[in-house]
Each structure stands twice: as structure tokens, then as C-alpha cells.
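Hydrogens, waters and symmetry mates are skipped; everything else that's a heavy atom, side chains included, is used.
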There are 2 protein chains.
Amino acid sequence: MNKKISFQKVTPILEHHCVNCNLNALCITDRLDPKEIQLLESIVRHPSSLSKGTTLFTKGERFQSVYIVKSGCIKTHIMDGKKMEKVTRFYFPGDLIGLNAVNYDYYYDTATAIETSSLCQLSFEKLDKLSAKIPSLRRKILHLMSRTICDEQKMVQQLTQKNAEERIAAFLLSISNIFKARGFSDTRFRLSMSRIEIASYLGLTVETVSRALSRLHKIEYLIVDKREITILDFPGLHALSSLNSRA
Amino acid sequence: MNKKISFQKVTPILEHHCVNCNLNALCITDRLDPKEIQLLESIVRHPSSLSKGTTLFTKGERFQSVYIVKSGCIKTHIMDGKKMEKVTRFYFPGDLIGLNAVNYDYYYDTATAIETSSLCQLSFEKLDKLSAKIPSLRRKILHLMSRTICDEQKMVQQLTQKNAEERIAAFLLSISNIFKARGFSDTRFRLSMSRIEIASYLGLTVETVSRALSRLHKIEYLIVDKREITILDFPGLHALSSLNSRA
DNA sequence: CGTGTGATTGATTAAAATCAAGTGATGTGG
DNA sequence: CCACATCACTTGATTTTAATCAATCACACG
């Protein structure tokens with residue numbers, strides 16, 4: 001179904017250096033000093049490009065590396081017996097993929113590019129060893145994992161306490177925040193994921209997602225033009241989604 | 001509403017030693033050698049007893065320690081504005097509480113004993129420093145955090161893909177597993193949590209939980225006598241809950 | 001012995017799933 | 001280039017599930 005490639009075969013983007021990377025503030029390198037970043041860089045595999053629909057790793061595959069999104073967008077998902085695939089998360093530039101696999105020795109879900117993306121690869125073994133030497137890196141990894149736990153807990157909360165429309169509102173606000181943090185417009189952006197993927201991620205059906213978007217458009221909280229979203233009423237959306245959005 | 005105590009005031013249970021602890025296989029000490037356990041022990045505060053309804057820490061309180069359940073059962077929960085409290089998780093002997101607070105400097109939820117419990121306290125700062133010296137401990141902490149992420153993701157999956165009855169079935173099977181792993185009967189056990197807490201945890205209402213239990217009783221998958229559960233048909237319950245239960 | 005809490009059961013309602021139909025964009029092959 | 005298929009999305013009608021509203025029971029506790 002999906003294209004499957006080995007990481008080695010993809011074209012490496014040359015002259016990449018962590019120190020110059022514009023994602024530093026969002027990345028694992030945040031709060032590391034230049035010398036530490038250089039150490040980290042020594043274990044980073046230069047970012048490679050992944051075309052839309054290409055699978056990075058598959059559930060059950062041997063876990064070896066974590067990946068950091070350099071550009072584009074990756075989804076992790078689980079093929080679930082009877083039901084359709086379930087999207088577990090979307091990853092944006094700076095996000096670290098694979099932390100949930102540390103516990104097992106194999107990947108816990110499948111990662112697929114939903115648009116052309118590039119990623120940096122880090123051997124987890126090397127990262128772990130390095131973190132023993134760099135306390136701030138060790139801390140950073142712990143923090144990232146802890147944050148991931150909190151993120152998942154927030155998701156659980158959303159699923160249990162928000163209705164369809166509130167979930168969509170919260171989702172759009174979180175995407176808006178993600179774009180903002182990465183230096184793009186937070187009022188006008190293009191969703192890289194399909195309605196199906198949004199529905200799966202939010203535990204809804206496509207129809208419900210579509211209807212919720214239509215209604216938010218109708219009450220003029222936002223403009224929906226296919227995957228192009230323009231937010232008109234931030235306070236309204238915030239009030240609707242009530243709970244706190246992604247930090 | 002709930003009693004609140006400072007950890008210092010509770011009665012310490014004397015002559016406690018990690019090396020002799022019967023929970024070792026389930027605890028953070030798993031796979032540490034005796035010398036390492038001794039090092040760990042030096043930073044462990046002997047277990048203290050917490051009576052039912054007593055709060056261990058409150059959301060927003062300064063994060064300093066993680067806790068390991070020695071006996072009893074602890075719930076973490078979030079008081080949520082308009083709606084009722086939401087139970088985020090139940091913790092059983094061997095479970096580590098507080099990992100989601102590492103990211104912030106304050107606890108992310110509130111921990112309360114739902115039956116008389118005892119806990120070991122570990123300064124996270126000291127644990128972190130110690131983990132720099134003991135690679136297997138560092139690994140263990142990473143694994144625990146990674147597992148927690150997976151657990152939360154499973155929860156998300158359950159909420160999006162299982163109906164009320166399936167969730168209850170899965171919940172009871174997971175409790176059964178927990179008891180089994182701790183050397184108790186997995187076919188007959190007493191739930192320490194109320195129906196309200198189960199409902200909150202599973203994202204359902206009390207009525208729905210009650211009805212689901214009644215129906216499972218009626219079709220003779222199990223016997224429900226107040227909080228006493230006797231499982232009659234494991235295969236049936238497994239089939240019903242379909243997805244994989246807690247490992 | 002009343003009061004409150006936890007739990008169960010029933011009736012009704014509301015929300016989202018399901019079923020169904022249709023549009024528009026994209027792509028394929030004749 | 002057009003006919004046809006397919007996919008992503010939308011909108012409508014109907015059904016299903018669980019929430020809500022309501023009543024009752026059991027039991028623990030002061």
C-alpha cells in the first residue's frame with residue numbers, strides 16, 4: 001500500500017549543521033551550549049528527504065533510531081485489525097519521533113510522511129550514551145518524554161470531555177500554535193492532513209469532522225477552503241475549545 | 001474536600017529495605033544489581049502510610065519527588081472547571097507516580113489514595129543525578145517513561161475505538177493482570193475504586209458503567225458483587241475487549 | 001433511626017455513527 | 001481529448017449509543 005524505503009537510500013541534504021539549524025529553539029538542542037551541540041551533531045545523521053506517503057518505520061520493526069522532523073509533517077499510526085488505521089499523532093518540525101519505542105525493542109507504531117518531509121536521524125543507543133555525559137541533554141530527553149506523557153493525557157482528556165466541535169476547535173488552535181511557533185502565520189495556514197486523518201486522530205468520523213468544520217465556518221469562527229484554514233475568531237474558538245491547548 | 005497531609009507527618013514503616021522488597025521485579029529496582037540497589041536505597045525515603053482519601057500531592061504544587069506505590073492504590077486526577085474531576089490513572093504496587101511532572105516544575109495532576117496505601121518517596125533531583133552514574137537506572141527510567149507514553153496511547157486507542165462494554169471488559173482484564181503480576185488471584189478480586197472513578201477513568205457515566213457490568217454479569221462473563229469481581233470467561237472477555245490489554 | 005453516598009435500573013433525549021447520495025478534483029487509459 | 005474511475009469531501013436521512021433525567025435500593029455512619 002504505502003511506499004517503503006530504507007533510510008539510507010534517500011538523498012541526503014548536504015551542508016547541514018545543528019548549530020546553524022533554525023529549529024534550535026524547538027529541537028532537542030534547545031538549551032545546549034555550542035560545544036554540546038557539536039557533540040550531539042556527531043551522532044546526527046544528516047536530514048534526508050521523504051516524499052509524501054513514504055513510510056519511515058513500521059510498527060514491529062526493530063527500534064534503533066529516533067527522528068527529528070526538519071521539515072514537512074509526519075503521522076504515526078497503527079493499523080488496527082477490524083477497524084481502520086488510527087492516527088496516533090502528527091509530528092511537525094522540531095518534534096522527536098520514536099520515544100514510545102524505547103520501552104520495547106521495536107517501533108510501537110508506523111511513521112509515514114503526509115507531505116514531503118525531511119528528517120534527522122539519531123541512533124538512540126548513541127544518544128543515550130551521550131546523555132550520560134551531558135546532564136542538560138539527559139534532562140532534555142526526560143523533559144521531552146514527560147511532555148509527551150502530558151500531551152497524551154491531554155488527548156485523553158479531550159476525548160472524554162469534549163464533543164466533536166470542541167475537539168475540532170482545539171485541534172485547529174493547536175495547529176495554529178504549531179505554525180506560529182515555527183514562524184508561520186497562525187491565522188491562515190494549509191492543513192497537511194486529510195479529513196480522514198483528522199477524524200482518525202480525533203476519534204471521530206469524516207462526516208462529523210466535515211460537519212463541524214462547516215458549522216464553524218457558518219458561525220464565522222473561521223473560513224474553510226478545502227485544506228486552507230483562515231481563523232477569524234480566536235477568542236471564540238478558545239472559548240469553544242474551553243480547555244488549554246497545546247503549549 | 002479531601003484531607004491533605006504533608007508527607008513528613010505520616011508514620012514511617014521501619015525496617016524497610018529495597019533489597020528485600022517483594023516488589024523488586026515490578027519496581028524501578030528491576031535489573032539493578034544489589035550494589036546499585038543499595039545506592040538507590042540511599043535516596044529512598046522509607047514508605048509512609050496514607051489513609052484512604054488522603055492527598056499525596058496536588059496539581060500545581062512544586063514538583064520535587066516521584067513516588068512508588070508500596071501497597072494500596074493511588075489515583076491521579078484533575079479537577080476540571082465545569083465538569084467533574086477526571087481520573088487520569090490508577091497506580092498499583094510497584095508503579096511510579098509523578099513522571100508527567102518532570103517537564104513542568106509542578107505536579108500536573110493530583111494524587112489521592114483510594115484505599116490505605118504506603119509509598120516510597122524519591123527526590124527526583126537525586127534520582128536524576130544517580131541515574132547519570134548508573135546506566136541501567138537511566139535506562140530503566142527511560143523505559144518507564146516510554147511505557148507510560150505507550151499506556152496513554154493505548155488509553156487513547158480504547159477511547160476512540162471501543163464502546164462502553166468493551167472498555168469495561170478491557171479495564172477488568174487489565175486489573176486482573178495487575179493482580180496476577182502481584183501474586184494475587186486474577187479471577188477473583190476486589191476493585192478498590194468506585195463506579196464513579198471507573199466511569200471517570202474510562203470516559204463514561206456511572207450509569208453506563210453499571211449497566212455494562214450488569215450485562216457482563218447477565219451473559220455470565222463474570223460475577224459482580226458490589227466491588228467484588230469474579231471472572232468466569234476470560235476468552236469471552238478477551239474477545240469482547242478485542243485489542244491487547246496492559247502488558 | 002434518619003441521612004448521605006454508592007450503585008442499579010428505567011425512560012427519554014442528544015450526539016455522533018452509519019447509511020446514502022452527490023460533487024468536484026485528479027488521474028488513467030482508450 | 002474524452003470517458004471513466006477514484007478519491008476526498010460534503011450534505012442529508014436514519015439509527016445507534018451513551019448521556020441525561022429520574023426513581024429506587026442498599027448500606028454505612030453519625
What heavy-atom pair brings B/Ile97 and B/Ala111 nearest, and what distance separates the two atoms?
CG2-CB, 4.5 Å

When rounded to whole Å, the CG to P distance for the pair A/Asp225 and D/dA8 reads 18 Å

Please state how far atom CD in B/Glu166 lies from atom P in D/dT17, giving the value in whole angstrom units.
10 Å

According to salt bridge (charged side-chain N to carboxylate O under 4.0 Å, His left out), who are the partners of A/Glu207, at least two apart in sequence or on a separate chain?
none

Side chain to side chain donor-acceptor pair (under 3.5 Å) filter on A/Thr110, not counting sequence neighbours, yields none

Starting at the 5' end of nucleotides 3-15 of chain C, put B wherever the base has a protein heavy atom under 4.0 Å, S where only the sugar-phosphate does, and a dash everywhere else.
---SSBBBB----

Between the first and last five pairs of the helix from C/dC1-D/dG30 to C/dG30-D/dC1, the angle of the axes, rounded to 10 degrees:
30°

According to side-chain contact (heavy atoms from CB on, under 4.5 Å), who are the partners of B/Thr116, at least two apart in sequence or on a separate chain?
B/Ser49

What residues form a side chain to side chain donor-acceptor pair (under 3.5 Å) with A/Glu165, not counting sequence neighbours?
A/Arg215

Is the count of non-hydrogen atoms from other residues, nucleotides or ligands lying under 6.0 Å from A/Glu115 atom CD greater than 12?
yes

Could you check how far CZ of B/Arg167 sits from C1' of D/dT17, rounded to whole Å?
11 Å

Using atom NE2 of A/His217 as one end and atom C1' of D/dC9 as the other, report the distance to the nearest whole Å.
15 Å

Rounded to the nearest Å, what distance is computed from the CD atom of residue B/Glu165 to the C1' atom of nucleotide D/dA19?
17 Å

Which whole-number value in Å describes the distance from A/Arg215 CZ to D/dG12 P?
14 Å

B/Leu202 CG to D/dA18 C1', straight-line distance once rounded to whole Å:
14 Å

Applying ring-ring contact (aromatic ring centres under 6.0 Å, His included), which residue pairs with at least one partner in residues 213-236 of chain B are found, sequence neighbours left out?
none

Distance check needed: D/dA19 P versus A/Gln161 CD, whole Å only.
12 Å

Residues passing the ring pair (Phe, Tyr, Trp, His ring centres under 6.0 Å) test with B/Phe179, sequence neighbours excluded, are B/Phe189

Who are the side chain to side chain donor-acceptor pair (under 3.5 Å) partners of B/Ser146, not counting sequence neighbours?
none

